[in-house]
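Accompanying notes for the structure given below.
Each chain gets a letter, A, B and so on, in the order its sequence line appears, and its residues count up from 1.
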2 protein chains.
Amino acid sequence: MARVREKDEVADREFILNIAASLIRQHGFKGMTTRKIAQACGMLPGSLHYRYRTKEAIVVDLMKLAMERSTSAIELACQGIDDPLLRVRMGLRAHLETLVNGNDIVYVLLFEWRSLEGQARAEMIALRDEYEQFWLGMIKGVQDLGLLRRDLSVSLLKLLSFGAVNWVATWYRPSGAMTLDQIADTIWVMVTQGVLVPEAHELAEASRYPSGVPSV
Amino acid sequence: MARVREKDEVADREFILNIAASLIRQHGFKGMTTRKIAQACGMLPGSLHYRYRTKEAIVVDLMKLAMERSTSAIELACQGIDDPLLRVRMGLRAHLETLVNGNDIVYVLLFEWRSLEGQARAEMIALRDEYEQFWLGMIKGVQDLGLLRRDLSVSLLKLLSFGAVNWVATWYRPSGAMTLDQIADTIWVMVTQGVLVPEAHELAEASRYPSGVPSV
DNA sequence: GTCTATACTCTGATAGAC
DNA sequence: GTCTATCAGAGTATAGAC
């Protein structure tokens with residue numbers, strides 16, 4: 001009996017949080033109201049307040065769920081793969097998929113954590129850093145094989161490729177011309193080998209700012 | 001007399017919009033209140049309402065200003081440069097600089113346009129598309145020289161590199177370890193030549209998803 | 001665990017004096 | 001062009017019945 005109850009609790013939690021995430025994505029944190037969540041869940045505001053005592057508590061729980069989902073999706077995708085290069089490629093694809101194909105929970109985690117303040121915000125930043133640390137480890141696996149250019153900062157590469165991937169969520173539509181596989185493959189080619197034909201690499205390296213350009 | 005007045009008007013406009021952008025970046029569109037803007041401008045709410053009849057009108061004007069600034073910064077940076085490769089490199093650097101070193105106006109344009117609804121939203125999307133079209137032209141200049149890999153979509157490359165650049169605004173701090181020049185150069189190397197040593201390009205190309213991985 | 005009813009606060013916007 | 005004063009609505013959160 002206790003087990004059945006527990007299952008229902010979890011299901012309700014995800015149901016509520018999915019709706020909350022969708023509303024936050026549409027209207028932002030301040031634009032999402034507890035009334036709207038309750039209504040979409042078929043409850044009245046007072047009932048939702050029984051589950052979550054404050055609006056902020058909903059978002060904190062939502063982001064924890066997003067972190068769990070994202071991390072486990074990547075771990076699953078990399079399971080049993082030893083080649084560090086392929087691990088990154090698989091992880092990148094898994095990250096992209098949970099971001100755009102799951103629901104709005106991961107999107108909210110990545111784009112709306114600034115909405116939180118004080119303690120809740122610090123907590124989220126810590127969780128996010130942990131997640132990015134995970135990525136850093138994967139990239140370092142490639143570095144340890146001596147496959148990374150030595151003139152580039154690893155943590156900067158992490159942030160830049162993270163940006164290319166996460167930004168996809170701002171424009172991707174399932175009905176669009178590009179499939180997720182095409183996008184993931186193009187990111188992979190761009191980041192690992194660059195977008196220029198090999199013959200042009202020298203030209204790109206040689207391009208220098210004209211004199212007189214102020215340093216930014 | 002009329003000229004002096006006009007100068008004051010423009011100055012006031014930018015003053016108000018800078019403050020509004022800063023507040024939106026901190027609290028989101030809904031979290032920014034007209035009262036807060038007025039207070040930070042040393043006005044009372046009624047006075048601000050005389051300048052902008054609705055809250056949405058403030059944001060629309062703000063985004064128009066952001067677009068003007070961003071476009072003119074890039075045009076200035078590319079002025080007199082013929083090499084398409086260098087044009088992109090200079091434009092990218094200028095875009096990055098107005099995004100993180102100017103003030104919060106361009107940030108709000110790129111990250112908060114979803115806050116708008118209806119007519120105002122459509123207007124902003126049109127302006128943004130125009131801006132991205134400008135970038136597409138620059139990238140096509142490189143393609144016309146035959147320097148771009150032919151297996152990649154140009155508009156996808158635009159979106160992906162746009163993502164890598166724009167995401168910088170979410171983590172960059174002027175006091176951080178990286179200078180803007182370092183960041184811009186690393187983006188350039190990553191996007192044009194890739195982050196792997198040339199010897200590893202073959203490995204990256206050869207890495208294939210293991211069988212049994214469902215297509216996403 | 002859900003409902004009803006409500007207290008309290010903040011918000012965008014307005015009207016009219018100066 | 002700025003101020004004072006204020007309205008009507010929406011927001012979070014609460015208290016207590018069921």
Side-chain angles (χ1 to χ4, degrees), chain A residues 1-17 19-62 108 112 115-121, chain B residues 1-17 19-62 108 112 115-121:
Chain A
M1 280 303 174
R3 279 165 70 188
V4 172
R5 206 182 203 164
E6 205 181 301
K7 273 177 85 172
D8 286 349
E9 261 173 31
V10 172
D12 283 349
R13 177 195 177 215
E14 300 218 355
F15 183 73
I16 293 172
L17 295 181
I19 285 174
S22 167
L23 289 171
I24 291 179
R25 178 164 188 173
Q26 284 177 62
H27 305 112
F29 173 69
K30 288 268 186 181
M32 168 204 72
T33 67
T34 53
R35 278 174 165 83
K36 281 180 192 160
I37 301 178
Q39 190 185 12
C41 292
M43 297 175 171
L44 289 178
S47 308
L48 180 63
H49 185 259
Y50 175 81
R51 307 291 197 94
Y52 294 101
R53 271 179 42 228
T54 67
K55 180 180 171 181
E56 208 167 43
I58 301 175
V59 180
V60 169
D61 196 34
L62 185 161
V108 169
E112 300 281 344
S115 309
L116 297 176
E117 293 176 355
Q119 174 61 27
R121 187 186 180 119
Chain B
M1 279 300 176
R3 277 164 72 185
V4 172
R5 205 182 204 164
E6 203 180 303
K7 272 176 89 172
D8 286 349
E9 261 173 32
V10 172
D12 282 347
R13 176 194 177 214
E14 300 217 356
F15 184 73
I16 293 173
L17 296 181
I19 285 174
S22 167
L23 289 171
I24 292 179
R25 178 165 187 173
Q26 283 178 63
H27 306 113
F29 173 70
K30 288 269 186 178
M32 167 205 73
T33 66
T34 53
R35 277 175 167 81
K36 281 181 192 161
I37 301 178
Q39 190 185 12
C41 292
M43 298 174 171
L44 289 178
S47 308
L48 179 63
H49 184 259
Y50 175 80
R51 308 290 198 93
Y52 294 101
R53 271 179 41 227
T54 68
K55 181 180 171 182
E56 207 167 43
I58 300 174
V59 181
V60 168
D61 196 33
L62 185 162
V108 169
E112 301 282 344
S115 309
L116 298 175
E117 294 176 354
Q119 174 60 28
R121 186 184 181 121

Completion exercise
Rounded to whole Å, NE2 of B/His49 lies from P of C/dG16 at a distance of 14 Å
Practice task
Measure the distance from NZ on A/Lys30 to C1' on C/dT11 and round it to the nearest whole Å.
Solution key: 11 Å
Fill in the blank from the handout: Value for CD (A/Glu56) from CZ (A/Arg121), rounded to nearest 0.5 Å, stands at 10.5 Å
Exercise for the section: Please list, chain by chain and in numerical order, all residues satisfying side-chain contact (heavy atoms from CB on, under 4.5 Å) with B/Arg35, sequence neighbours excluded. Expected result: B/Thr33, B/Pro45
Fill in the blank from the handout: CD of B/Gln39 to CD1 of B/Ile37, rounded to nearest 0.5 Å, is 11.5 Å
Pairs under 3.5 angstrom, nitrogen or oxygen only, protein versus nucleotides 2-6 of chain C, please.
residue	atom	partner	partner atom	Å
C/dT2	OP2	A/Arg51	NE	3.3
C/dC3	OP2	A/Leu44	N	3.1
C/dC3	OP2	A/Ser47	OG	2.8

Practice task
Give the rounded distance in Å between these two atoms: NE2 of B/His27 and P of C/dT11.
Solution key: 10 Å
Exercise for the section: Round to the nearest Å and state the distance from A/Ile37 atom CD1 to D/dA13 atom P. Expected result: 11 Å
Exercise for the section: Check side-chain contact (heavy atoms from CB on, under 4.5 Å) between A/Lys30 and all other residues, then give those that pass, not counting sequence neighbours. Expected result: B/Lys30
Problem - Whole angstrom value for the distance that separates P of D/dT14 from NZ of A/Lys55 - result: 15 Å
Exercise for the section: Give the rounded distance in Å between these two atoms: CG of A/Leu48 and P of D/dT14. Expected result: 13 Å
Exercise for the section: Quickly work out the B/Gln39 CD to C/dC10 C1' distance and round it to whole Å. Expected result: 14 Å
Problem - Test side-chain hydrogen bond (donor to acceptor under 3.5 Å, both in side chains) applied to B/Gln26 - qualifying residues, sequence neighbours left out - result: B/Ser22
Practice task
Return the value, rounded to whole Å, for the distance between atom CZ of B/Arg53 and atom P of C/dT14.
Solution key: 7 Å
Handout entry: For B/Ala40, all residues meeting side-chain contact (heavy atoms from CB on, under 4.5 Å), sequence neighbours excluded
Key = B/Ile19
Completion exercise
Note on DNA chain D: ranges paired as stems (three or more Watson-Crick/G-U pairs in a row, both atom distances under 3.5 Å) are C:1-18 with D:1-18
